[in-house]
Asker: 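Here you go, one structure.
Residue indices begin at 1 and follow the sequence shown.
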Amino acid sequence: MPEQIYLGIDLGAESGRVMAGLWNGSEMRLDELHRFPNVTVDLGGSLRWDLLRLWSDIQHGLALAARRYGNAIISIGVDTWALDYVLLSKSGEMLGQPHCYRDHRTQGVMEEVLRSVGREEVFAQSGLQFLPFNTLYQLVAHQRQSPETLAAAETLLMIPDFINWCLSGAKTVEFTNATTTQFFHPTKRDWSLDLLHRLGLPTKIFPEIILPGSIVGSLRQSVIDRTGLRRLPIIAPATHDTGSAVAAVPTLNTGRTNWAYISSGTWSLMGVETPSAVLGPKALEFNVTNEGGVDGTYRVLKNIMGLWLVQRCKHSFDARGLTHDYGQLVTLAEQAQPLRSLIDPDDRRFLSPADMPNAIQEFCRETGQPVPTTEGQLVRCCLESLALKYAVVLDQLEQLTGERAEVIHIVGGGSRNILLNLLAANACQRPVLAGPVEATVLGNLLVQARAAGEVASLAEIRESIYHSVVPASSEPVPAETAMWQQARQRFAKLLQPAGPDKVFA
């Protein structure tokens, strides 16, 4: 059959891209059309996203797609990070520049909300992990700091839904992103209006929730004129990038919890897939999150700080003139002494530090450990600490589901870090299968192909990837088992006690 072309717009915390997926009936090949940076901007002391520049880059990528593939293009789909939002007025004007979740405006807000409403009640109405930058706390902070813009808002759109509005004019919120807000009810599967009312937040601004695979609308005439595309349908994939990445896990065991996944990038999101949300006292105690997936599934997971630690170390190294690419930093880490210094990756000080190496060194001094000083020591500390946190979270997930995960799938850009994959295998004492690197955009594109009738189910999406991707395998090293068991005991002490200094406790 002639190849069909689907376009994926994939926006991450560091960069965005417009990708073409070439579907031949059994395999999706990728063609990167345009990659562009995504950076935050300091505006009056607050951290914002430059969405207008991103939209300009997206249109440029779509114009390149039109020139290369023309009428062979079937549809367009968007996925991005979660949590952040745009407010639109009744006439469609943006009300302010959208904040980045790392902005300090939410400092202390989560704690105040939980004192007011109660931790158990918020969890019952959301099933979500308590993160200080969840959309719920961002809105409470917004109401306090800029009540006039919230009062003037007609519609709230999450970031991918805003891009869909730019493309089509439609005002909807897709299921997987709605579930990340902490005001989506995990059993009613609708907005948690009672919770919003209790916090005095407006409820009229929340639009219809649609499911992955839904047609959002058709391409605006103005975008057609600018890009040269025809009037294409806009399809909602799993618009939360992790939802798309998990849809692309290359397994034939869809519907079972005997595998775990890590969507590895700026964040590490580790979880299992279940048919419904996992609630109750134990889930609350472990502070897991229940995020929506394709076909109404739930991703029971925990957010872990992820390769943000290494990214910000590199930023500081570069500023000091110690320029290494990521591959060179991993090589230096391989040469460093193993398990010398450890950190809790989710300590609040690592969320948005002025200097990540200094923050790591401060943690090690406070906990009586050798202080890492070289680039290799610092990066190895980050990677080993992440691997040990994976082991802690894996144990919690298995307690919640009652099933042992026989294998861990690592997908996304972080799956290229061979050292981290090996460390994860050793820490978790499970085999690790790494890949595909492009899981997010593959999940996006294949949900579009499913909407077009080319793929029948989530199982077929995964089967097509299973037969076209050869994951890199890492096995635990038996000779190092005792060393890692001792490290887990040391690491457990660093996680206690849970409290306000722990981002995800």
Asker: Which atom pair, heavy atoms only, marks the closest approach of Thr274 to Val300?
Answerer: OG1-CG2, 3.4 Å
Asker: Test salt bridge (charged side-chain N to carboxylate O under 4.0 Å, His left out) on Arg462 and Glu273 and set out the steps.
Answerer: CA-CA 13 Å; Arg462 288 178 172 152; Glu273 186 176 73; 2.7 Å; yes
Asker: Side chains of Leu83 and Asn134: does their closest heavy-atom pair fall under 4.5 Å?
Answerer: yes
Asker: More than 12 non-hydrogen atoms from neighbouring residues, nucleotides or ligands closer than 6.0 Å to CZ on Phe36, yes or no?
Answerer: yes
Asker: Can Val173 and Glu208 be said to form a side-chain contact (heavy atoms from CB on, under 4.5 Å), step by step?
Answerer: CA-CA 6 Å; Val173 172; Glu208 174 193 4; over 6 Å; no
Asker: I need the minimum non-hydrogen distance between Gly21 and Leu30, along with the two atoms involved.
Answerer: CA-CD2, 4.4 Å
Asker: Does Val278 offer a backbone N or O that forms a donor-acceptor pair with the side chain of Asn290 under 3.5 Å?
Answerer: yes
Asker: Can you classify the ring geometry of His34 versus His60 as parallel (below 30°), tilted (30 to 60°) or perpendicular (above 60°)?
Answerer: perpendicular
Asker: In the structure I gave you, are the side-chain heavy atoms of Pro436 and Ile465 within less than 4.5 Å of one another anywhere?
Answerer: yes
Asker: Keeping Asn38 on the side-chain end and Gly12 on the backbone end, is there a donor-acceptor pair under 3.5 Å?
Answerer: yes
Asker: Working to the nearest 0.5 Å, report the span between CZ of Arg67 and CG of Leu33.
Answerer: 10.5 Å
Asker: Taking atom OG of Ser264 and atom CG of Leu386, what is their separation to the nearest 0.5 Å?
Answerer: 8.0 Å
Asker: Please examine the side chains of Ile58 and Leu11, heavy atoms only from C-beta on, and report whether any two atoms are closer than 4.5 Å.
Answerer: yes
Asker: Indicate the atoms forming the closest heavy-atom contact of Ile360 with Cys313, along with that distance.
Answerer: CD1-SG, 3.7 Å
Asker: Using the side-chain contact (heavy atoms from CB on, under 4.5 Å) rule, take Val216 and Ile235 through it: C-alpha gap first, then chi angles, then the decisive distance, then the call.
Answerer: CA-CA 6 Å; Val216 176; Ile235 305 296; over 6 Å; no
Asker: Any luck finding a side-chain donor-acceptor pair between His185 and Ser126 under 3.5 Å?
Answerer: no
Asker: Under a 3.5 Å threshold, yes or no: a donor from one side chain and an acceptor from the other, between Tyr390 and Ser268?
Answerer: yes
Asker: Under the 3.5 angstrom rule, does the side chain of Arg416 hit a backbone N or O of Gly413 as a donor-acceptor pair?
Answerer: yes
Asker: If you take all heavy atoms of Arg230 and Leu219, which pair is closest and at what distance?
Answerer: O-CD2, 3.6 Å
Asker: Between Ser75 and Gln448, do the side chains contain a donor N or O and an acceptor N or O under 3.5 Å apart?
Answerer: yes
Asker: Please list all pairs passing the salt bridge (charged side-chain N to carboxylate O under 4.0 Å, His left out) test where one or both residues lie in residues 165-183, with sequence neighbours left out.
Answerer: none
Asker: Got a donor-acceptor contact below 3.5 angstrom from the Gln4 side chain to the Ile74 backbone?
Answerer: no
Asker: Looking at Ser214 and Ile210, would you say the former's side chain and the latter's main chain have a donor-acceptor pair under 3.5 Å?
Answerer: no
Asker: With side chains defined as the heavy atoms from C-beta onward, is the minimum distance between Leu22 and Asp31 less than 4.5 Å?
Answerer: yes
Asker: I would like to know whether Leu211 and Asp295 meet side-chain contact (heavy atoms from CB on, under 4.5 Å); could you show each step before the answer?
Answerer: CA-CA 8 Å; Leu211 295 176; Asp295 285 358; over 6 Å; no
Asker: Examine distances only and state if a side-chain atom of Ser457 and a backbone atom of Glu460 form a donor-acceptor pair shorter than 3.5 Å.
Answerer: yes
Asker: Rounded to the nearest 0.5 Å, how far apart are CH2 of Trp55 and CD1 of Ile163?
Answerer: 7.0 Å
Asker: Pair Ile159, Leu51 - check side-chain contact (heavy atoms from CB on, under 4.5 Å), show working.
Answerer: CA-CA 9 Å; Ile159 299 298; Leu51 284 189; 3.8 Å; yes
Asker: Going by atom types alone, do Arg380 and Gln335 pair a side-chain donor with an acceptor below 3.5 Å?
Answerer: no
Asker: Step through the shown structure and confirm whether more than 12 heavy atoms of other residues, nucleotides or ligands are within 6.0 Å of CZ on Arg189.
Answerer: yes
Asker: In this structure, is the centre-to-centre distance between the rings of Trp267 and Phe133 below 6.0 Å?
Answerer: yes
Asker: Would you call the rings of Phe184 and Trp191 parallel, tilted or perpendicular if under 30° counts as parallel and over 60° as perpendicular?
Answerer: perpendicular
Asker: Are any non-hydrogen side-chain atoms of Val455 and Ser464 less than 4.5 angstrom apart?
Answerer: no
Asker: Between Asp84 and Trp49, does any side-chain donor sit less than 3.5 Å from a side-chain acceptor?
Answerer: yes
Asker: Please check: side-chain N/O of Ser46 versus main-chain N/O of Asp42, any donor-acceptor pairing under 3.5 Å?
Answerer: no
Asker: Would you name the heavy atoms of Leu136 and Leu201 that are closest together and state the gap between them?
Answerer: CD1-CD1, 4.1 Å
Asker: Treating Asp103 as the side-chain partner and Leu47 as the backbone partner, does any N or O pair qualify as donor plus acceptor under 3.5 Å?
Answerer: yes
Asker: When you measure from the side chain of Ser168 to the backbone of Asn164, do you find a donor-acceptor pair of N or O atoms at a distance under 3.5 Å?
Answerer: yes
Asker: With sequence neighbours left out, what residues match Glu32 under side-chain contact (heavy atoms from CB on, under 4.5 Å)?
Answerer: Arg17, Met19, Arg35
Asker: What is the minimum heavy-atom distance between Cys166 and Val223, and which atoms define it?
Answerer: O-CG2, 3.8 Å
Asker: Are side-chain heavy atoms of Leu156 and Leu88 found at a separation under 4.5 Å?
Answerer: no
Asker: Any donor and acceptor pair, going by atom type alone, linking the side chain of Glu154 with main-chain N or O of Ser91 inside 3.5 Å?
Answerer: no
Asker: Please state whether the rings of Phe175 and Tyr298 are parallel, tilted or perpendicular, taking 30° and 60° as the class boundaries.
Answerer: perpendicular
Asker: With rounding to the nearest 0.5 angstrom, report the NE2 to CG distance, His324 to Leu322.
Answerer: 5.5 Å
Asker: Side chains of Asp318 and Ser316: is there a donor and an acceptor less than 3.5 Å apart?
Answerer: no
Asker: For Ile215, look at atom CD1 and say whether over 12 heavy atoms of other residues, nucleotides or ligands are found less than 6.0 Å away.
Answerer: no
Asker: List the steps and the verdict of salt bridge (charged side-chain N to carboxylate O under 4.0 Å, His left out) for Lys302 and Asp346.
Answerer: CA-CA 11 Å; Lys302 287 199 77 166; Asp346 297 328; over 6 Å; no
Asker: Sort and list the pairs that fulfil ring-ring contact (aromatic ring centres under 6.0 Å, His included) and have at least one residue in residues 148-174, not counting sequence neighbours.
Answerer: Phe162-Trp165
Asker: Cut-off 3.5 Å, side chains only: do Tyr326 and Gln328 have a donor facing an acceptor?
Answerer: no
Asker: Answer yes or no: does atom CD of Gln107 have more than 12 heavy-atom neighbours from other residues, nucleotides or ligands under 6.0 Å?
Answerer: no
Asker: Is there a side-chain contact between His240 and Asp79 in this structure, where contact means two heavy atoms from C-beta onward sitting under 4.5 Å apart?
Answerer: no
Asker: Do Leu332 and Val379 touch side chain to side chain, with heavy atoms closer than 4.5 Å?
Answerer: no
Asker: Side chains of Thr266 and Glu14: is there a donor and an acceptor less than 3.5 Å apart?
Answerer: no
Asker: I'd like to know if the side chain of Gln138 pairs up with that of His99 as donor and acceptor (distance under 3.5 Å, no hydrogens or angles considered).
Answerer: no
Asker: Flag this pair as yes if the NZ/CZ of Arg102 is under 6.0 angstrom from the six-membered ring centre of Trp308 and inside a 45 degree cone about the axis; otherwise no.
Answerer: yes
Asker: Using a cut-off of 6.0 Å, state whether more than 12 heavy atoms not belonging to His467 lie near its atom NE2.
Answerer: yes
